[in-house]
Amino acid sequence: MWWGVGAALLANTLYSLGFVLEKRALAALPQVSVRRPDRLLRLVLGSPLWIGGSLALAAGFAAQLVVYRTLPIAAAQGVFVSGLVLLVLLSARLLGEETSGRERSALGAVLAALLMVVLSLREGPGGAEAVGRAAPYPLILLVCVPSLAAGVWLYGAAERRARHRHRLPTAGVEYGVAVGLLYGVSSLAVKGVSGQSTGDGAGAAVLGLLRSPYPYLLLFTGAFGLVMSQAALQRCRASLIVPVCTTVSCVYTAVLGTLSFGEALPDDPLRLALRVAGTALAVVVLLSMPRHDPPPSTPRPPVGAKELTPP
């Protein structure tokens, strides 16, 4: 179990660093758009800083494979969300982003919610919880395909609303939810890949993987998630959009992944209450997040200053 916790903490660090580096690189690039994915890719691939961020994210993905082989899905999500604190600290230090008191309170509530999930795990004399290895492919497709469609639709709707004139600047909640759905599907696919058995040899494992839906889900979420997340990161604060995205992805994976891969819920009433309450609190916090950044305040003239009027 502790190997899994260590791998999850490493993945947290790599993911947080990767997002911050990509955000910093995007701030120096011309405006990108999901309607021009070829231009977006050309711009970001020409930025060494962005490439460094993407390599950090890829290394986090590799660490995530280790996590899903050693920890139950709900436990993994509880550790992953703890990385939000590191992300906020890096965003403040490297990007100069300021979070509101409401957002800091929401972040604290998310950490409390996922602490409940971690406390609901069984580890000790009674043995650790079983880690699911496989899920029926039709069930995975039934869960994932509507989620992908909902994520793409929600992102498109947020894009259309953002183009309206006289609209307050969006804080990125809608973008974060949309990308979070894609990343949630990606997490289920990573879980499926990690459960592929290599007991019959590498060739058989690769053939079995190609017959499963997991590599194709990863290709879809990788392509669309890359374009959508980069455009959203450039427009919105990383310290808000990434926590929203992470919360959606973690709740989605913990709930649907636990059911899909047959990882039983706790039998003990207290542990079951902690897990359900933690998940519910995370959803409530997400729904209460501000949907718009406040408009920039107009500086007041100093007291006693005379108003200048044209002759």
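Counting from 1, the numbers follow the sequence of the chain as shown.
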Enter the distance from [X]:[atom1] to [Y]:[atom2] here, rounded to the nearest 0.5 Å.
{"X": "Ser212", "Y": "Leu209", "atom1": "OG", "atom2": "CG", "answer": "4.5 Å"}
{"X": "Leu57", "Y": "Tyr15", "atom1": "CG", "atom2": "OH", "answer": "7.5 Å"}
{"X": "Leu95", "Y": "Leu21", "atom1": "CG", "atom2": "CG", "answer": "9.0 Å"}

Under 4.5 Å between any side-chain heavy atoms of [X] and [Y], yes or no?
{"X": "Val193", "Y": "Leu218", "value": "yes"}
{"X": "Tyr214", "Y": "Leu219", "value": "no"}
{"X": "Leu148", "Y": "Leu181", "value": "no"}
{"X": "Val34", "Y": "Leu40", "value": "no"}
{"X": "Thr253", "Y": "Tyr68", "value": "yes"}
{"X": "Leu43", "Y": "Pro30", "value": "yes"}
{"X": "Val177", "Y": "Leu154", "value": "yes"}
{"X": "Ile140", "Y": "Phe261", "value": "yes"}

- Query: If you look at every heavy atom in Lys23 and Cys236, which pair is closest and at what distance?
  - Reply: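 Looking at all heavy atoms of both residues, the shortest contact is NZ-O, 2.7 Å.
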
- Item | Considering all heavy atoms, the nearest Pro37-Val227 contact |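 Shortest heavy-atom separation between Pro37 and Val227 comes out as CB-CG2, 4.1 Å.
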
For a quick check under 3.5 Å, do [X] and [Y] share a side-chain donor-acceptor pair by atom type?
{"X": "Tyr137", "Y": "Arg211", "result": "no"}
{"X": "Tyr155", "Y": "Glu174", "result": "no"}
{"X": "Gln230", "Y": "Glu22", "result": "yes"}
{"X": "Tyr183", "Y": "Thr221", "result": "no"}

- Message: Looking at Ser47 and Val44, would you say the former's side chain and the latter's main chain have a donor-acceptor pair under 3.5 Å?
- Response: no

- Message: Is the distance between the ring centroids of Phe224 and Phe220 under 6.0 Å?
- Response: yes

- Applying the 4.5 Å side-chain criterion to the ILVMFWY set and letting contacts propagate, would Leu141 and Val152 be lumped into a single cluster? no

- Applied to residues 26-46, the salt bridge (Lys or Arg N to Asp or Glu O under 4.0 Å) test, sequence neighbours excluded, yields Arg36-Asp38

